[in-house]
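Numbering of ligands and ligand atoms starts at 1, following listing order.
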Amino acid sequence: MRQVWRHCHAATMAGGTYSMIENAAIVTRAYRIEWIGPDSELPAVDAAHVHDLGGAWVTPGLVDCHTHLVFGGDRSREFEQRLLGVDYATIAAQGGGIASTVRATRAATEDELYASAHRRALHLLRDGVTTLEVKSGYGLDLENERKMLRVARRLGQTLPLTVRATCLAAHALPPEFKGRPNEYIDDVALTMLPDLAAEGLIDAVDAFCEHLAFTPEQVERVFRAAARLNLPVKLHAEQLSSLHGASLAARYGALSADHLEYLTESDVLAMAEAGTVAVLLPGAFYALRETQLPPLHLLRQHGVPIAISTDLNPGTSPVLSLRLMLSMACTLFRMTPEEALAGVTVNGARALGLSRTHGALEVGKVADFVAWDITHPAELAYWVGGDVPKRVIRHGALIDVSAL
Ligand SMILES: O=C(O)CC[C@@H]1NC(=O)NC1=O
Ligand SMILES: [Fe+3]
């Protein structure tokens with residue numbers, strides 16, 4: 001069924017820039033874009049419905065390419081403790097930090113995890129997100145990693161969202177493997193990944209390469225297991241120190257390397273060569289009061305695509321708005337509004353291996369777009385917080401977000 005969407009302006013994001021079409025029209029057929037161009041050149045089509053978008057600016061549906069959306073409990077009391085002067089080490093000794101989220105996630109049923117994740121996903125959907133990546137990584141054993149990934153799959157089946165599920169079993173060392181990280185990595189590489197991949201629960205594999213998590217050598221064993229399973233990889237890299245995990249990820253042709261505050265020029269060159277996307281996470285930078293900025297000038301200089309994401313997680317980025325990340329990417333990281341918007345559309349899609357079908361308003365791509373009540377796309381990064389009135393179209397259908 002064809003539909004025509006008129007009286008709008010389009011920031012198509014094709015090629016990573018606005019690539020604007022003023023006074024545009026879009027023709028969709030089923031769930032794809034069949035035509036897009038100046039309204040004056042609109043071909044005659046037998047449309048079932050013609051929508052007047054009231055002069056709105058249309059962008060691709062937003063892509064949040066890095067979230068830990070599924071988890072039990074939350075860490076709000078820990079947040080308050082830190083502000084009352086309790087240090088990380090004391091909080092960790094009291095069982096706080098990732099370990100407390102692991103306990104809460106293991107204790108929760110799949111339905112309980114789904115219910116809380118559903119609520120968080122609605123925040124993102126109401127913010128214009130139509131494609132979402134969801135990581136595991138708080139289960140840390142086969143049964144609970146499976147539980148998390150099944151919840152990720154259910155979100156994609158029940159909400160008007162394209163969901164990509166990433167296995168991040170190599171996120172932290174579970175208590176039962178205390179002092180035995182190599183044995184845990186064996187469990188991840190030799191049991192969890194093959195079993196969960198066989199159940200169709202994994203679209204990509206991720207790991208946390210950091211002094212307080214896993215070494216590049218341990219990460220490489222996870223990457224080799226992913227390669228045996230023909231699964232693409234991503235990596236939490238250079239967040240708190242430089243271990244050159246990003247270079248390792250590039251060597252494995254990673255879809256993305258993420259965080260990157262401590263990225264070096266040799267890492268950037270490796271990422272540029274491999275086509276690995278740099279995913280910057282201003283929410284974690286802000287919540288941790290980090291001071292080391294990711295090297296934006298090097299990423300620009302060497303042409304590494306930059307994506308922006310919420311990193312929605314209960315510890316270091318309890319962020320429920322991708323649009324707020326646009327503001328932070330500009331104000332904290334000094335990106336331009338156009339770069340930031342590319343970061344949550346075309347480059348976010350690339351970080352998920354979805355460039356062929358998502359991320360830009362082009363013929364043949366999915367008809368996922370947002371009609372914003374704004375006077376210029378720069379407003380999306382300009383307004384801090386609040387809600388920008390919008391209409392969300394997903395797979396060519398208007399979504400009544402208030403009814404979800
Ligand atoms: O604190 C948490 O729950 C997750 C922290 C989060 N995980 C990661 O790999 N980097 C982070 O900042
Ligand atoms: Fe993360």
Side-chain angles (χ1 to χ4, degrees), residues 64-79 81-82 88-89 91-92 94-106 108 113 116-117 120 124 132-140 144-145 148 152 164-174 181 188 204-216 218-219 222 233-241 243 245-246 249 254-263 277-290 292 294 307-319 322 325 348 351-352:
D64 195 353
C65 69
H66 179 133
T67 87
H68 308 252
L69 181 81
V70 177
F71 54 85
D74 71 57
R75 305 242 289 273
S76 54
R77 268 74 74 203
E78 181 180 312
F79 171 72
Q81 270 193 308
R82 289 210 309 273
Y88 267 104
I91 288 171
Q94 291 167 348
I98 291 185
S100 69
T101 301
V102 171
R103 280 196 306 279
T105 302
R106 287 180 167 183
L113 289 182
S116 63
R120 290 187 282 268
L124 298 179
L132 182 63
E133 185 253 17
V134 178
K135 303 176 190 291
S136 64
Y138 291 114
L140 307 185
N144 288 288
E145 287 292 300
M148 293 189 71
R164 304 293 283 175
T166 299
C167 185
L168 176 59
H171 187 199
L173 192 63
V188 171
V205 175
D206 191 351
F208 186 15
C209 188
E210 195 53 70
H211 289 303
L212 51 84
F214 297 102
T215 66
Q218 290 161 346
V219 168
V222 174
V233 295
K234 323 167 130 282
L235 188 64
H236 284 67
E238 278 55 80
Q239 179 183 1
L240 307 172
S241 65
L243 295 180
L255 292 172
S256 71
D258 303 38
H259 282 287
L260 305 182
E261 282 84 349
Y262 290 83
L263 194 68
V277 175
V279 177
L280 304 186
L281 303 168
F285 178 92
Y286 162 80
L288 292 172
R289 302 176 68 228
E290 176 59 68
Q292 173 73 25
I308 302 294
S309 180
T310 60
D311 190 17
L312 201 178
N313 76 70
T316 63
S317 194
V319 168
L322 182 58
M325 297 302 99
L352 298 179

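The distance from atom NE2 of H259 to atom CG of L280, rounded to the nearest 0.5 Å, is 10.5 Å.
Residues P181 and L173 come closest through the heavy atom pair CA-CD1, 3.6 Å.
Around the Fe ion (ligand 2), the protein N, O or S atoms found under 2.8 Å comprise H66 NE2, H68 NE2, H236 NE2, D311 OD1.
For the 3.5 Å distance criterion, the side chains of H236 and D258 fail to qualify, holding no donor opposite an acceptor. Side-chain contact, E210 with Y262: no donor N or O sits under 3.5 Å from an acceptor N or O. Remark: the T67 side chain and the E133 side chain contain no N/O donor-acceptor pair separated by less than 3.5 Å.
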Name each N or O atom in ligand 1 that is under 3.5 Å from a protein N or O, and give the partner atom and the distance.
unit_1: ligand 1; atom_1: 1 (O); unit_2: R75; atom_2: NH2; d: 2.7
unit_1: ligand 1; atom_1: 3 (O); unit_2: R75; atom_2: NH1; d: 2.8
unit_1: ligand 1; atom_1: 3 (O); unit_2: R75; atom_2: NH2; d: 3.4
unit_1: ligand 1; atom_1: 3 (O); unit_2: Y138; atom_2: OH; d: 2.7
unit_1: ligand 1; atom_1: 7 (N); unit_2: H171; atom_2: NE2; d: 2.8
unit_1: ligand 1; atom_1: 9 (O); unit_2: H171; atom_2: NE2; d: 3.4
unit_1: ligand 1; atom_1: 10 (N); unit_2: Q239; atom_2: OE1; d: 3.0
unit_1: ligand 1; atom_1: 12 (O); unit_2: Q239; atom_2: NE2; d: 3.0
unit_1: ligand 1; atom_1: 12 (O); unit_2: T316; atom_2: OG1; d: 2.7

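None of D311, T316, N313 except one satisfies the side-chain hydrogen bond (donor to acceptor under 3.5 Å, both in side chains) rule with H68; the exception is D311. Here the options are E78, Q94, R77, the test is side-chain contact (heavy atoms from CB on, under 4.5 Å), and the partner is S100; only E78 passes.
Classification of K135 and D206 as a salt-bridged pair holds, one side-chain N sitting under 4.0 Å from a carboxylate O.
The aromatic rings of F71 and Y138 sit perpendicular, their planes meeting at an angle over 60°, well past the 30° parallel limit.
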